[in-house]
Amino acid sequence: MGLTVVFVLTFVSAVMVTSASLPRRGHFWARVCAGTLGLGVILQASRIPFHSAGLVMDFSSWTYYVSDFLTFVLVLCGMVAFVMLCHQTTFWSALFCATASYVAQNVSYTASTYALRLLAGATGLAALGDPTSPPATAVLFMVTAGCYWVYWRVLVTRIRTFRLEGEGSRHALLVALFAVSVSIAFDLAIKYFESLGNVPLAAIVTLRVVHAASSAFILWMEYELLFNRRLLVEMGALERSAAERERQYELSRDRIEAINIKCHDIKHQIHSLGQDGRAIDPDALRAVASDISIYDSDVRTGNEPLDVILTEKRLLCGKEGIRLTCIADGGALGAMAACDIYSFFGNALDNAIRAVRQVEDPEKRSISLVVRAAFGMASIHIENYFAGVVTFEDGLPVTTSENPSEHGFGTKSMRSVAEAYGGTLALRCEGEVFVLDAAIPLARG
Amino acid sequence: MYRVLIVEDRPDDARALAAYLARYGEEHGEKFGVTHFSTALDLAESHETFDLIFMDIGLPGIDGMEAAELLRTYDDVTPLIFVTDLARYAVRGYSVDALDFMVKPVSYYDFALRMGRAMRLMRKRSKGTLVLQNKYGVRVVSIPDLVYVSVRKHDLHYHVEGQDEPICIRGTIAGVEEQLADEPFVRVSNSHLVNIRHIRSIDGSDLTLSNGTVLQFSRPRRKPALDKIAAYLGSGA
């Protein structure tokens, strides 16, 4: 019974250390007590405590190992349930917490029991030989606490478990789950060897060390795969913004060239208007004014990246006879990084432009963009006409292009940008008009 | 019938816009009563209220942007759509809460796109007040002043701006949600219904309201609530 209590406490404290940053449900401590009791029942009903106390079991029977393996898996499930009971979180976050704390518990258990044996051997104290005696318990407690402290410092403080839901991380989590299962099996195998009795201590210790090392590796791997992947994503973003900058330079160069040519043309027009002392035809003047209006495209919203992307898109629209109007409070987007603004608005406007190009009536080639701050949020609203039929899957439009690998990532990327800032993106059709509504919480302070 | 005001100094442009309104009205089964002012001064001196205002930016005397700023000092509700020759000035339209803008020459479909948005906004007219009856009597609550509604078991608490004590009546939160379906309210958790116009900031799952109260989104309701807020903000309200 005493062993069970010790075991339950080690599992529960490992889980609580890992899930410390998750939002807690109401009556948190009552839930913790209930969960602990539940885990206790599971452990008591299983054979883990007896098993680890070295009591004789039928090791030659393979059914023993299968049932033991299943028991460990049951404990893992129990820990997932524990996290979900006490915290408001998703299954995937809970699974991560359970696997990580399970491994941590295993490592610290191994470390503490071997530390105890070393101490017992070194000091020769009989009391230390019995794991349930007070001095032994004290040693176990201290070593376990020490291991958890290291675990806390090295791993948990670097994790914001709230952000676990992301694409790709579910696969990594399943891989981690598999690795943990292998680790459990390895642990059982080592116990089997120990039980044979005629295996040299050095071999057992070596195996134990390998097991502890591989467990630590699993923890590290979970951390790397799930969290450090973001580094790669960010590097990708850096490369994209470098490419974007290059595009901007080329664009400026083209613009200057286009402006030069236009000025030349306009000079001719003005010249011919003033010929022969004729009265100036107001229609001809209006034509010149309209030609010049394409250069009235510099947009000043107070947010530089937004200015750049809007100016580029307006020029592009001007060339194709698409009317793009912008009301934009650049200050509302203060929370967003430049590369995210380029990618979000670039994608949004590219989609709108693509849709509007397919509209037959040139009069309907109209796009309206409004960015404003209201009630704690930055609201991004884009409307445009579209042609044909749009079907939605999971809230995002299904691509209609012939090359499915090319398109369809634009809206996914936009949604992940919005959600990365704690916001949301919604797309819908209202009659002939396609509407995009995104809301991103304003930066604090 | 919706009362529309056109502030435009060029009679041809004003006539064209009125014609578009008539055409839109025919196509969508709406009636519009159109008034035309030639200068911003007329607007400042008039005492009429309108459901929608089209404002030319390039007006003689006080320009459209200044007129809009003046309008907003006493009216922050009427939707405003700018009409302009020059797109660059209208970018700042957010500072006067402009719904949208159009660049001359305005095509019918440019107009229809913006008008659609304006219609959606005008159709959602607030009921204005809620009548609450409990054992202590009847209380009339102005909906814009209602910050949020919370529930505990069968008791609803209506938290009104400027009042320390909430008003309590018996009921279900789902019932209130239905009652306020046309109003800017969003369900953030099983026990809280919040007035979007009283949200001051959002940080992760924390929601800070105008009266300082901090509430929390419940996990399953966070995304649908944010979507509703996004749609509400996007409509120009």
Side-chain angles (χ1 to χ4, degrees), chain A residues 23 88-90 162 289-290 293 296-302 310 314 323-329 332 361-368 370-385 395 418-419 422-426 428 430-433 435-439 441-442 444, chain B residues 82 84-95 97-114 116-117 120 184 195-205 207-210 216 218-220 222-237:
Chain A
Q88 211 174 44
T89 185
T90 61
F162 182 67
S290 145
S293 74
D296 168 37
S297 56
D298 246 8
V299 180
R300 296 260 180 272
T301 66
L310 287 183
R314 288 205 52 218
R323 274 172 308 281
L324 168 63
T325 59
C326 312
I327 291 186
D329 178 359
D361 188 349
E363 298 249 301
K364 280 190 177 178
R365 299 202 183 135
S366 198
I367 303 172
S368 159
V370 177
V371 178
R372 65 185 189 122
F375 311 119
M377 308 281 272
S379 154
I380 300 167
H381 176 92
I382 301 180
E383 279 187 27
N384 57 272
Y385 285 105
E419 290 179 356
T424 185
L425 174 77
R428 66 183 193 274
E430 291 205 13
E432 303 180 282
V433 177
V435 179
L436 178 154
D437 272 321
L442 292 175
R444 269 179 299 166
Chain B
F82 281 125
T84 178
D85 280 333
L86 296 167
R88 81 162 72 213
Y89 297 114
V91 171
R92 296 299 174 92
Y94 64 83
S95 65
D97 251 340
L99 184 64
D100 215 325
F101 77 94
M102 306 184 287
V103 180
K104 293 187 199 176
V106 180
S107 78
Y108 176 70
Y109 288 106
D110 277 341
F111 169 82
L113 191 65
R114 277 78 185 170
R117 207 150 164 246
R120 271 177 255 144
N195 186 340
I196 295 174
R197 298 190 76 85
H198 279 274
I199 296 177
R200 200 194 289 150
S201 69
I202 293 180
D203 182 13
S205 49
L207 190 62
T208 307
L209 303 179
S210 62
Q216 289 207 308
S218 73
R219 206 145 234 307
R222 187 173 189 269
K223 185 160 196 328
L226 280 183
D227 281 343
K228 188 166 181 198
I229 295 173
Y232 178 74
L233 294 180
S235 73

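In the text below, chain A, chain B and the rest are named by the order of the sequence lines, each starting its count at 1. Note that this is a predicted model, so its numbers are computed, not measured.
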Heavy-atom closest contact (B:F101 atom, A:C326 atom, distance): CE2-O, 3.0 Å

Straight-line distance of B:S201 OG to A:F375 CZ, nearest 0.5 Å: 13.5 Å

Distance-only donor-acceptor check, side chains B:R222 and A:T424, under 3.5 Å: no

Min side-chain heavy-atom separation B:Y109-A:D361 under 4.5 Å: yes

Heavy-atom proximity to chain B below 4.5 Å, by part of A:A438: backbone

Nearest heavy atoms of B:L99 and A:V370, plus distance in Å: O-CG2, 3.7 Å

Closest-packed option against chain B by number of heavy-atom pairs under 4.5 Å, given A:G431, A:S379, A:A439: A:S379

Which of B:L226, B:T208, B:L207, B:D97 touches chain A most, by non-hydrogen pairs under 4.5 Å: B:L226

Test side chain to side chain contact (heavy atoms under 4.5 Å, CB included) applied to A:D437 and B:L233, step by step: CA-CA 8 Å; A:D437 272 321; B:L233 294 180; over 6 Å; no

Rounded distance (nearest 0.5 Å) linking atom OH of B:Y94 with atom CD1 of A:I327: 10.5 Å

Flag side-chain contact, heavy atom, 4.5 Å: B:L113 against A:E432: no

Per-residue contact mode, A:I382 against chain B (heavy atom under 4.5 angstrom): neither

A:L436 portion near chain B, given a 4.5 angstrom heavy-atom threshold: neither

Test side chain to side chain contact (heavy atoms under 4.5 Å, CB included) applied to A:H381 and B:R117, step by step: CA-CA 11 Å; A:H381 176 92; B:R117 207 150 164 246; 3.0 Å; yes

Atom pair NZ/CG of B:K223 and A:L425 - distance to nearest 0.5 Å: 7.5 Å

Residues A:S368, B:M102; criterion side chain to side chain contact (heavy atoms under 4.5 Å, CB included); working and verdict: CA-CA 9 Å; A:S368 159; B:M102 306 184 287; over 6 Å; no

Donor-acceptor contact present, side-chain A:R372 to main-chain B:S95, <3.5 Å: no

Closest-packed option against chain A by number of heavy-atom pairs under 4.5 Å, given B:R200, B:R114, B:H198: B:R114

Electrostatic pair B:D110-A:K364, nearest N-O below 4.0 angstrom: no

Note: A:E430-B:R120 ion pair, threshold 4.0 Å (strictly below): yes

